[in-house]
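Numbers restart at 1 for each chain; the letters A, B, ... are given by sequence-line order, proteins then strands.
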Amino acid sequence: DAKTTQPPSMDCAEGRAANLPCNHSTISGNEYVYWYRQIHSQGPQYIIHGLKNNETNEMASLIITEDRKSSTLILPHATLRDTAVYYCIVRVFTGTASKLTFGTGTRLQVTL
Amino acid sequence: NAGVTQTPKFRILKIGQSMTLQCTQDMNHNYMYWYRQDPGMGLKLIYYSVGAGITDKGEVPNGYNVSRSTTEDFPLRLELAAPSQTSVYFCASNEGQGLTLWYGYTFGSGTRLTVV
């Protein structure tokens, strides 16, 4: 199972881009990178996922390095409501089940 | 569109008591999961199910039991509550297709359990 490493906390000024890094040096070729966030003990919320190419949706962008050993989640214009714990997850596939393994994530604090 | 519904939202149990945490989803998802989250920590998988009648252990199954008699429902049973089971419990579901057709999880809002 590929493990991920994230900084425990980051700060970002409101309106600026928040760039959250994630290392996953042991990722295998068929494992996807997923990002979720958890706002104040609510259930985690899916943000974005990718395999090789960079991805963008209405919430964020995901940049994956060419060697796939690291990625960056970008919130282009962070707001106070983006304050949350962000989890970088590499999908574990075992048999017929597909499980997510959550680490401790990065606590992003967006400030005025 | 309710998604994943968990009940109750809060519960206080005494040591040795039993209870069932309810989880229902209306998205016809095959896969369902139970996670627990201790304060300041990430989520740990307790049990999961790939369809009605099929369940399997996750990372931390001891002290818990599950059943999956229907696609919609996936209750989690605590038989003899212990203080170590004080946590927030999240239920989740997804379609769970193969390697490339994988859809994101939908999580419930959680059940905050305290064992005293």
According to a 4.5 Å side-chain heavy-atom criterion applied to Ile, Leu, Val, Met, Phe, Trp and Tyr, with indirect links allowed, do V60(B) and L21(B) form part of one hydrophobic cluster? yes
Counting C-beta onward and ignoring hydrogens, is there a side-chain heavy-atom pair between F90(B) and Q42(A) closer than 4.5 Å? no
Going hydrophobic residue to hydrophobic residue with side-chain gaps under 4.5 angstrom, can you get from L75(A) over to L80(A)? yes
Atom CZ of residue position R77(B) - does it have more than 12 heavy atoms of other residues, nucleotides or ligands inside 6.0 Å? yes
What verdict does the side-chain contact (heavy atoms from CB on, under 4.5 Å) test give for Y34(A) and Y105(B), after you've listed the backbone C-alpha separation in whole Å, the side-chain angles of each residue and the deciding distance to 0.1 Å? CA-CA 10 Å; Y34(A) 286 81; Y105(B) 278 45; over 6 Å; no
Is chain B contacted by the side chain of Q45(A), its backbone, both, or neither, given a heavy-atom distance below 4.5 Å? neither
Under 4.5 Å between side-chain heavy atoms, hopping through other hydrophobics if needed: is there a path connecting V115(B) to Y35(B)? no
Heavy-atom distances under 4.5 Å only: say whether Q37(B) touches chain A with side chain, backbone, both or neither. side chain
CD1/I15(B): more than 12 non-hydrogen atoms of other groups inside 6.0 Å: yes
Do the side chain of Y46(A) and the main chain of F107(B) share a donor and acceptor less than 3.5 angstrom apart? no
